[in-house]
Amino acid sequence: MIITKTHLSRRFVLRGLGAALALPALDSMIPALTAITNAAAAPIKRLGVFYVPNGMSMPYWFPKSEGPLEALPPTLRSLEAFKDRVLLCGGLADEPANRVKGGGDHARSAGTFLTGVAYKNTSGADVYGSISMDQIAAKELSKETQLASLELGIESNAMLGSCDGGASCAYTNTISWSNETTPLPIENDPRAVFERLFGTSGSTDRGARLARIQQDRSILDFVSGQIAGLNKRIGPTDKVRITEYLDSVRDVERRIQMAEQQNSRDLPVVEQPIGIPADYAEHAKLMMDMLALAYQTDLTRVSTFMLAKEVSGRSYPEIGVADSHHPVSHHQDEPAKLERLHKINEYHFRQFAYLVDKLSTLPEGDGTMLDHTLFLYGTGISDSNTHFHDDLPIALVGGQAAGIKGGRYIRYAKGTPLTNLFVTMLEYMGIAVDTIGDSTGKVGRLTTV
């Protein structure tokens, strides 16, 4: 690349018939003089927030004592191989959830989780909250990307109507707010996410989508000529990366088409848009793969992901839990119910662990994509039986490029605002903010013992 002076734009895109295929970071996208002068571009930093509803089976979440993690707690065991990338934070509280007047605790949990502000309780369209932490990051990081952020989820994306205790569904079904009056709905349909990332020349009409399926053509078919031309311009290492990336895109397309074909043979389900796999794990994995592609192509650097909505009544017979999630979360300290709730919690975390593992295999700069991505995983309710909003189960994963030191369990003073952690996280990502919601300062020990 240095000898030939070949250089591809970081935003290099292949296009054809409405399709737009962004490329992942390649060696050929680094200016030739960069390698000579060692004036490397600033490393990419990403933020992802994963939210789970209905509280946590707490005996299975926190270790017994602070300090180095000898082993991960049962709920997080699927990341045991990445123990050194996990930082558990105890003592944090979402006090604004207690200050909301009216509505249910579940709406208060999701509705204040990333804002740190007590929202206006209403069942109408006149919702009022505050900008969320992820959107503060998006305003800065989107200066370099096509999409400011992605808001993903598995269940309902309804913003209208009342859900928990008469509170608007906007407070239970999303955690992301672009400003005081604009909650951002999640996207739960894999096809819609795919088309947002790669474009489409069709419509959202069901018949049009099925017609497109029957054409049995991949987005890669539309840009195949440009791919062939690109391969003549890049080196062996980049060719391997391109091949792996294109294989991932084709696999995602195949799985979306399979889900759509299966759904088209079944009776229509009003609450389930076409393209959503019936199996929870397959649905989650498909969404994780597309999030990885969005990161890999630098289409966005900020995301939120709700693994289920608050007050979710979904059951999980595939893991031996026939109970609905919300009822079993009211465990009354019964060991059997705590165990079943733990199984749900662990199953959700397992889906997240799949993404973590995937990013750890993708090289980027002097490390991997996981090193350059800081994830926050947690919920706004600790003990699901009491609905307390303090000592929240919060984990940071990745973020080594930002200096985060994992492999530890640290505790802060009881009642420390969760938003103090947000302020500190953004600072480590190069985004300076004075306050977020009810924050009173910063937290320490994210990078040191």
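Keep in mind that this is a model prediction, so the values were computed, not measured.
Asp438 and Thr419 share a donor-acceptor pair across their side chains, judged by distance under 3.5 Å alone. Side chains of Thr112 and Asp94: a donor on one and an acceptor on the other come within 3.5 Å.
Under 4.0 Å is where a charged nitrogen must lie from a carboxylate oxygen, and between Arg254 and Asp251 at least one such pair does. Between Glu427 and Lys442 a salt bridge is recorded (basic side-chain N to carboxylate O distance below 4.0 Å).
Tyr280 and Tyr347 have tilted rings, their planes meeting at an angle from 30° to 60° on a 0 to 90° scale. Classified by interplanar angle (parallel below 30°, tilted 30° to 60°, perpendicular above 60°), the ring pair Tyr409/Phe62 is parallel.
Aromatic ring centres of His348 and Tyr377: separated by at least 6.0 Å. Ring centroid separation for the pair Trp177 and Tyr128 does not come in under the 6.0 Å cut-off.
Heavy-atom minimum distance, Pro53 versus Ser312: CG-CB, 4.5 Å.
More than 12 heavy atoms of other shown residues, nucleotides or ligands fall within 6.0 angstrom of atom OH in Tyr354.
Looking at Leu152, Leu376, Ile175 one by one, the single match for side chain to side chain contact (heavy atoms under 4.5 Å, CB included) with Thr304 turns out to be Ile175.
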Quiz item: How far apart are the C-alpha atoms of Asp164 and Arg108, what are their side-chain angles, what is the distance that settles it, and do they pass the salt bridge (Lys or Arg N to Asp or Glu O under 4.0 Å) test?
Solution: CA-CA 9 Å; Asp164 180 37; Arg108 297 172 191 171; over 6 Å; no
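A cation-pi arrangement is present between Arg445 and Tyr412, with the terminal nitrogen or guanidinium carbon under 6.0 Å from the aromatic centre and inside a 45° cone about the axis.
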